[in-house]
Amino acid sequence: MKDVKLRFRELSLLVIGSCLFKAFWLYGAVEPLTGESLFWQFSHVDTECYQQFLNEFAACYPTSLNVLQVDNGLFHKAKRLQIPQNIVLLFQPAHSPELNPIERVWEHLKQDLKWELFDNLDHLQTKVAQLLALLTPQIAASLTGYDFILNALSVANIF
C-alpha cells in the first residue's frame with residue numbers, strides 16, 4: 001500500500017502584549033485518508049525552516065511518495081530549496097486557501113484558542129501542543145478528507 005501525504009501550510013500564532021508581538025509558526029501535513037499527521041513548530045517562516053520541515057517529513061516517511069499541497073509562498077518556490085526525492089510539491093491555485101484541507105485543521109485549532117489570552121509565547125505553544133495531542137487521526141481525517149481527494153486516491157488505486 002502506498003502512502004500519500006497531502007496538505008501543507010503554515011499557521012501563524014501570536015501573543016500580543018504591550019504592543020509587542022511574538023509569534024511562532026506551525027508547519028503541518030495530514031494524510032487525508034488515515035488522518036496521520038506531522039506538525040512542527042518554528043520561530044519564523046523562511047526557506048531554511050521550510051527546508052528543515054521537508055527534510056524531517058521525508059525522513060519520517062522514507063518509503064512512500066509524499067505529495068504536499070502548498071500555496072504559492074515564496075519559500076515554497078525558492079531556488080535554493082532542495083526537495084527530497086520522496087516529496088512532490090503540488091501548488092494550489094493562487095488565492096484559494098479553501099482548496100487546501102489543512103486550512104480546516106488550522107480553523108479547528110483556532111476554535112479552542114480564539115477566546116483565550118496567553119501571558120507569553122510559551123503558554124501559547126504549550127496550549128497548541130496540547131490541542132495537537134488531542135487531534136486524533138479520526139478527527140484529522142474528517143477535517144481533511146475532501147471527497148475530490150479521496151476519489152482521486154481511489155481512482156489511482158492508492159487505497
Side-chain angles (χ1 to χ4, degrees), residues 1-14 23-111 113 121 124-125 127-159:
M1 181 170 150
K2 298 178 185 174
D3 280 335
V4 175
K5 309 289 181 230
L6 294 174
R7 283 355 107 237
F8 175 85
R9 191 166 162 114
E10 311 71 42
L11 174 66
S12 170
L13 300 166
L14 58 96
F24 72 98
W25 278 258
L26 186 65
Y27 289 50
V30 175
E31 202 283 329
L33 181 62
T34 66
E36 185 176 354
S37 60
L38 176 73
F39 296 97
W40 211 265
Q41 290 184 19
F42 288 90
S43 61
H44 58 286
V45 172
D46 66 9
T47 302
E48 288 76 26
C49 291
Y50 186 52
Q51 183 70 65
Q52 186 178 349
F53 177 80
L54 289 177
N55 294 344
E56 293 291 336
F57 185 86
C60 287
Y61 304 100
T63 62
S64 60
L65 176 63
N66 304 287
V67 179
L68 296 177
Q69 182 177 339
V70 296
D71 63 19
N72 290 283
L74 293 178
F75 57 93
H76 292 143
K77 297 178 174 185
K79 290 182 181 180
R80 67 182 184 273
L81 191 63
Q82 296 179 355
I83 310 298
Q85 288 188 335
N86 64 335
I87 292 180
V88 174
L89 298 182
L90 174 64
F91 291 92
Q92 66 192 40
H95 312 293
S96 57
E98 70 280 359
L99 295 179
N100 194 336
I102 197 72
E103 294 295 337
R104 293 171 83 183
V105 174
W106 302 150
E107 288 302 318
H108 178 78
L109 293 174
K110 288 178 184 179
Q111 287 296 324
L113 296 171
L121 195 58
L124 174 59
Q125 288 174 302
K127 179 63 174 183
V128 169
Q130 291 169 349
L131 292 173
L132 289 173
L134 296 173
L135 185 68
T136 65
Q138 294 80 12
I139 293 171
S142 74
L143 293 169
T144 61
Y146 285 14
D147 285 341
F148 73 92
I149 293 170
L150 298 178
N151 289 338
L153 295 174
S154 177
V155 168
N157 200 24
I158 291 176
F159 69 90

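It should be emphasised that the depicted structure is a prediction, and the values quoted were computed from it without experimental measurement.
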> What distance separates W40 CH2 from Q52 CD, expressed to the nearest 0.5 Å?
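Taking CH2 in W40 and CD in Q52, the distance rounds to 7.0 Å.
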
> Considering residues at least two apart in sequence or located in another chain, which fulfil the salt bridge (charged side-chain N to carboxylate O under 4.0 Å, His left out) criterion with K77?
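Checked K77 against salt bridge (charged side-chain N to carboxylate O under 4.0 Å, His left out); zero matches.
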
> Could you grab the distance from atom CG of L99 to atom CD of Q69, nearest 0.5 Å is fine?
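Output value for this atom pair is 7.0 Å.
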
> Keeping to residues at least two apart or across chains, list the salt bridge (charged side-chain N to carboxylate O under 4.0 Å, His left out) pairs with something in residues 130-151.
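Applying salt bridge (charged side-chain N to carboxylate O under 4.0 Å, His left out) to every pair that reaches into residues 130-151, excluding sequence neighbours, yields nothing.
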
> List, one per line, each side-chain donor-acceptor pair under 3.5 Å for residues 78-89, sequence neighbours excluded.
unit_1, atom_1, unit_2, atom_2, d
R80, NE, E48, OE2, 3.1
R80, NH2, E48, OE2, 2.9
N86, ND2, A58, O, 3.2
N86, ND2, Y61, O, 2.8

> Taking side chain to side chain donor-acceptor pair (under 3.5 Å) as the definition, give me every residue that meets it alongside Q125, ordered by chain and number, with sequence neighbours left out.
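Result, side chain to side chain donor-acceptor pair (under 3.5 Å) vs Q125: Q41.
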
> How far apart are the closest heavy atoms of Y27 and H44, and which atoms are they?
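For Y27 versus H44, the nearest heavy atoms are OH-O, 3.6 Å.
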
> Which value, rounded to the nearest 0.5 Å, describes the distance between Q111 atom CD and L131 atom CG?
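Nearest 0.5 Å value for the CD-CG distance: 11.0 Å.
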
> State which residues pass side chain to side chain donor-acceptor pair (under 3.5 Å) with Q130; sequence neighbours excluded, sorted by chain then number.
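Q130: no side chain to side chain donor-acceptor pair (under 3.5 Å) contacts found.
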
> Enter the distance from R104:CZ to I102:CD1 here, rounded to the nearest 0.5 Å.
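CD1 of I102 is found 11.5 Å from CZ of R104.
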
> By ring pair (Phe, Tyr, Trp, His ring centres under 6.0 Å), which residues pair with Y146, not counting sequence neighbours?
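Testing Y146 for ring pair (Phe, Tyr, Trp, His ring centres under 6.0 Å), a comparison that skips the adjacent residues, returns F148.
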
> Above 12 or not: heavy atoms from other molecules or residues under 6.0 Å from CG of L74?
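No.
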
> When rounded to the nearest 0.5 angstrom, what distance separates CG in L68 from CZ in F57?
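Separation between the atoms: 5.0 Å.
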
> Quick one, I139 and L134 - any side-chain contact, counting heavy atoms below 4.5 Å?
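They are not in side-chain contact.
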
> Closest approach of P97 and Q92, non-hydrogen atoms and distance?
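So the two residues come closest at CA-NE2, 3.7 Å.
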
> If every non-hydrogen atom of V30 is compared with every non-hydrogen atom of S37, which pair is closest and at what distance?
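Of all heavy-atom pairs spanning V30 and S37, the closest is CG2-CB, 3.8 Å.
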
